[in-house]
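Please read the structure below before turning to the comments.
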Amino acid sequence: MRVLVVEDDWITGQMLTHALESLGYSVTVADDGEEAYRRIRSGEFRLVVSDWEMPGMSGLELCRKIRSRTSAGYVYVILLTSYRGVENIVRGLDAGADDYLTKPFKTDELAMRLRVGERILSLESRDMTIFALAKLAESRDSETGEHLERMREYCRILADELSINPQYTDVVDGEYVAQMYLTSPLHDIGKVGIPDTILLKPGKLTEKEFEIMKEHALIGGRTLESVAERHPEAAYLQMARDIALTHHERIDGTGYPYGLSGDSIPLCGRIAALADVYDALTSKRVYKNAYDHEFAKEYILDQRNKHFDSDIVDAFLSREDDFLSVSLKFQERILDSMTYEAILTTA
Amino acid sequence: MLAHILISEIAMSAARVKTYLTSHESTPVLDLPQLVERCMGDLAFAERCLTKFRQQLNADVERLEESVQAGDSFEAARIAHLIKGAAATVAASPLAETASAVENAARQGYSRDADLLTATTNLVEEVRRFTNAVPTFTKNT
């Protein structure tokens, strides 16, 4: 794995390089924060060991700069510092550092900190694998556009809003919000078990066809259940299972597959239900055109305590603007790609 | 550990290691096992680092003395910080400590001029002790 060492002192830079290379890393040294930032922006480095005090851009400023930009992959930063004490650790973490290494470094500590960094970065690879799997399952149904991308944004917004509702603070914390974002794209994974003639049918489904279509919730739920059973330590798999199984349940008990009602539907399933319906209404599908935000809002308000949990409807109302901006952001992207295709065709 | 085996090999040639580790005063100028460990047991690399460090040290101390004389405590603090970091990395703790004292005194600004001068004198003395002791290692390895 590649490591970027940011160190203005030549000796320390050389000794870190030597130690890291002996540990099997491929190392590049940047003399100052500006050069480091340029290299990080190129996307070559995801593991950075940076000195704190440097002329020009300090290690703290470098951390802040890295965190202020959105990037494809997470950059893990270890601050190298002779500063000790809780206050400085807090300052570093606040700036966005992931870990600390005190100067002069010890090789075993260096090795251990780098391993932690690699582990964290591999978790991100896990997140991307999950999303890729969900995209693959969805790929047969080409009409859904960027449904999964929008859906997970809506789920995150709703969970985030619930996290500040005193009634939910014990359950919905930062971890819950992150897991919701991670696992909600798997909600329709059971659709891989639905035949093309039904999944891709342009018109209305017959009653019999709809019964088969409904099975996607059970197929997805059971598939994820079998994995969750083998890995009980992975809480996100349980959430993924709950979402796949219950995102078509309704708070009044008229949903499927089990006709669960009220709190017997897991919270994540109740959140995913609203997010899924909002997106289905506001985007174009094989069988319908896109409705506007106001129409979707009206439907959601009408379905309070019928289809949807009233607390989640309230969360939606508080964050209506965020829903709208996600919906518009992705619409623009689709327009862009359409324009691009039009240019290609005429060229 | 490979480093420790290599160090005991050096220890066989007791005389030169003794000259190296202890100068005219009793405190060792640097902790050799710690340096070799940080160099992953690579003695040749440790030697190159020490040589480079000594060259850099002489230039840094010269600039430090200039800035102290010019009353530029900001620059003095910056250079002392650099010496402290590099010295700590090559396991020259007494040197790192004296450099740290200079850095602290310089960060107090002009009001503590006397402290800064004393600390700088101590550092120059420690640098001399260090440079006198280290060539033994450099020549013989």
Side-chain angles (χ1 to χ4, degrees), chain A residues 3 5-27 29-33 49-62 78-85 87-88 92 100-115, chain B residues 1-4 6 30-60 63 74-75 77-97 99-104 106-107 130 134:
Chain A
V3 179
V5 168
V6 193
E7 176 59 72
D8 62 327
D9 172 47
W10 190 87
I11 295 282
T12 309
Q14 286 305 301
M15 286 179 61
L16 273 170
T17 302
H18 184 263
L20 288 169
E21 284 177 351
S22 309
L23 292 165
Y25 295 97
S26 154
V27 185
V29 182
D31 296 336
D32 57 50
V49 178
S50 174
D51 192 15
W52 177 309
E53 194 163 320
M54 293 178 288
M57 191 194 293
S58 72
L60 278 193
E61 289 167 75
L62 178 64
I78 300 172
L79 269 187
L80 189 61
T81 172
S82 45
Y83 291 104
R84 285 160 212 272
E87 199 186 312
N88 282 315
Y100 268 89
L101 197 57
T102 45
K103 260 180 164 179
F105 70 91
K106 291 189 183 66
T107 49
D108 49 356
E109 192 188 355
L110 179 71
M112 188 268 287
R113 303 264 183 222
L114 266 288
R115 269 205 306 277
Chain B
M1 285 279 301
L2 180 64
H4 291 118
L6 289 167
L30 92 162
D31 181 342
L32 182 62
Q34 198 191 99
L35 171 65
V36 176
E37 198 257 8
R38 205 164 283 141
C39 292
M40 310 297 275
D42 185 339
L43 284 174
F45 178 71
E47 187 193 338
R48 283 205 302 280
C49 286
L50 276 180
T51 307
K52 177 74 187 177
F53 172 70
R54 226 181 28 179
Q55 290 164 359
Q56 190 181 294
L57 183 64
N58 290 330
D60 284 347
R63 283 191 299 141
F74 185 80
E75 180 66 2
R78 197 186 66 78
I79 301 169
H81 180 82
L82 267 179
I83 298 175
K84 179 181 79 176
T89 307
V90 297
S93 305
L95 196 50
E97 278 159 28
S100 177
V102 176
E103 185 189 358
N104 291 338
R107 289 205 195 280
F130 181 84
V134 169

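To find a chain, count down the sequence lines: A is the first, B the second, and so on, and within it residues start at 1.
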Between [X] and [Y], which heavy-atom pair has the shortest distance, and what is it?
X      : Y     : result
B/C49  : A/M15 : SG-CG, 3.6 Å
A/H18  : B/C39 : CE1-O, 2.9 Å
A/P104 : B/A88 : CB-O, 3.2 Å
A/F105 : B/T89 : CE2-CG2, 4.2 Å

What part of B/F45 lies closer than 4.5 angstrom to a heavy atom of chain A: side chain, backbone, both or neither?
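The answer is the side chain of B/F45.
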Any chance you could measure [X], atom [atom1], to [Y], atom [atom2], to the nearest 0.5 Å?
X      : Y     : atom1 : atom2 : result
A/W10  : B/Q56 : CH2   : CD    : 8.5 Å
B/M40  : A/L23 : CE    : CG    : 4.0 Å
A/I11  : B/L50 : CD1   : CG    : 8.0 Å
A/L110 : B/R38 : CG    : CZ    : 10.5 Å

